[in-house]
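All of these numbers come straight from a predicted model, not from anything done at the bench.
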Amino acid sequence: QTDLAGKDAVFTVTINYIQGEAKNAELTDTIAADYGFDTADALVGDIKSWLVREQKKEFTQTLLADTSYEKVPQELLDFIIACDLNYYEQYAASYGMEADAFFAAYMGYDTEDAYIEANNASYVKQAVYYLAVQNIAEAEDLTVSDEAIAESGFEQYESTYGLPYIRMLLLQ
């Protein structure tokens, strides 16, 4: 009916049945072993450590997001842009497309240069973030070892993005 068009509607629903039995699984050492832990306590401890790390990372990222720099080095901006473009160029190549055609068809930009221009503020923000992380690392004498890179599983990206990028990811 046209006289009800645009009016709010309220529906009342009654759930009469939920299929299946309620399960109250208990975390056991056997279950923990399926995930590579000796005991359930070790698994819970690992999860707690991960949560704390993630909270610290989120806090740091939020704090650094408000950081500013007077002048961002062009070399750093060029590096960030190259990494971003490399990602999309590989993506385009997987579709058998040139980058400009990919940007036009899937990203809404006439050319790769138009995409770069539209994202310049984002590149500057990312560069400032990297500079802040680098400054903190230098002040705290933090480094990323070759062993840490090997353990991270990021070695496979070295040929694509380079070792400095991988070190920065891990440093963060």
* To do: Find out whether F79 and Y165 are in side-chain contact, i.e. whether some heavy atom of one side chain is under 4.5 Å from a heavy atom of the other.
  => yes
* D34 atom CG, over 12 foreign heavy atoms within 6.0 Å -> yes
* Asked: With ILVMFWY side chains joined below 4.5 Å, transitively, what does V44's cluster contain besides itself?
  -> L27, I31, Y35, F37, L43, I47, W50, L51
Output a table of donor-acceptor pairs, distance under 3.5 Å, between side-chain atoms of residues 137-144 and any protein atom two or more places apart or on a different chain; print 'none' if there are none.
unit_1: E138; atom_1: OE2; unit_2: Q134; atom_2: NE2; d: 3.1

* If you measure from CG on D110 to CG on D100, what distance do you get to the nearest 0.5 Å? -> 9.0 Å
* So with a 6.0 Å cut-off around CD of Q90, is the heavy-atom count from everything else above 12? -> yes
* To do: Find the distance between CG (N120) and CD1 (I116) and round it off to the nearest 0.5 Å.
  => 9.5 Å
* **Residues D146 and R167 bridged, charged N to O under 4.0 Å** => yes
* From CE (M168) to CG (L163), nearest 0.5 Å -> 12.0 Å
* Mark yes when over 12 heavy atoms from residues, nucleotides or ligands other than N135 sit less than 6.0 Å from its CG; otherwise mark no. => yes
* Hydrophobic side-chain clustering at under 4.5 Å (ILVMFWY, transitive links): who's grouped with I15? Put none if nobody. => I18
* ring-ring contact (aromatic ring centres under 6.0 Å, His included) contacts touching residues 114-139 (sequence neighbours left out) -> Y88-Y115, F103-Y115, Y109-Y115
* Roughly how far apart are D41 CG and D46 CG, rounded to 0.5 Å? -> 12.5 Å
* To do: For the residue pair L131 and P73, establish whether any side-chain heavy-atom pair is separated by less than 4.5 Å.
  => yes
* **Set of residues satisfying salt bridge (Lys or Arg N to Asp or Glu O under 4.0 Å) with respect to E54, sequence neighbours excluded** => K57
* Asked: Which distance, rounded to the nearest 0.5 Å, do you find between the CE of M97 and the CD of E89?
  -> 13.0 Å
* Aromatic ring proximity Y91/Y106, centre distance under 6.0 Å -> no
* Structure fact -> Taking every heavy atom of L77 against every heavy atom of V72, the minimum-distance pair comes out as CG-CG1, 3.8 Å
* Share the residues that join Y17 in a hydrophobic cluster, the rule being Ile, Leu, Val, Met, Phe, Trp or Tyr side chains under 4.5 Å apart at the heavy-atom level. => none
* Structure fact -> Rounded to the nearest 0.5 Å, the CD atom of E112 sits from the CE atom of M107 at a distance of 10.5 Å
* Asked: For Q156, does the CD atom sit with more than 12 other heavy atoms under 6.0 Å from it, leaving out its own atoms?
  -> yes
* **Nearest non-hydrogen partners of A99 and A92, listed with the distance** => CA-CB, 4.3 Å
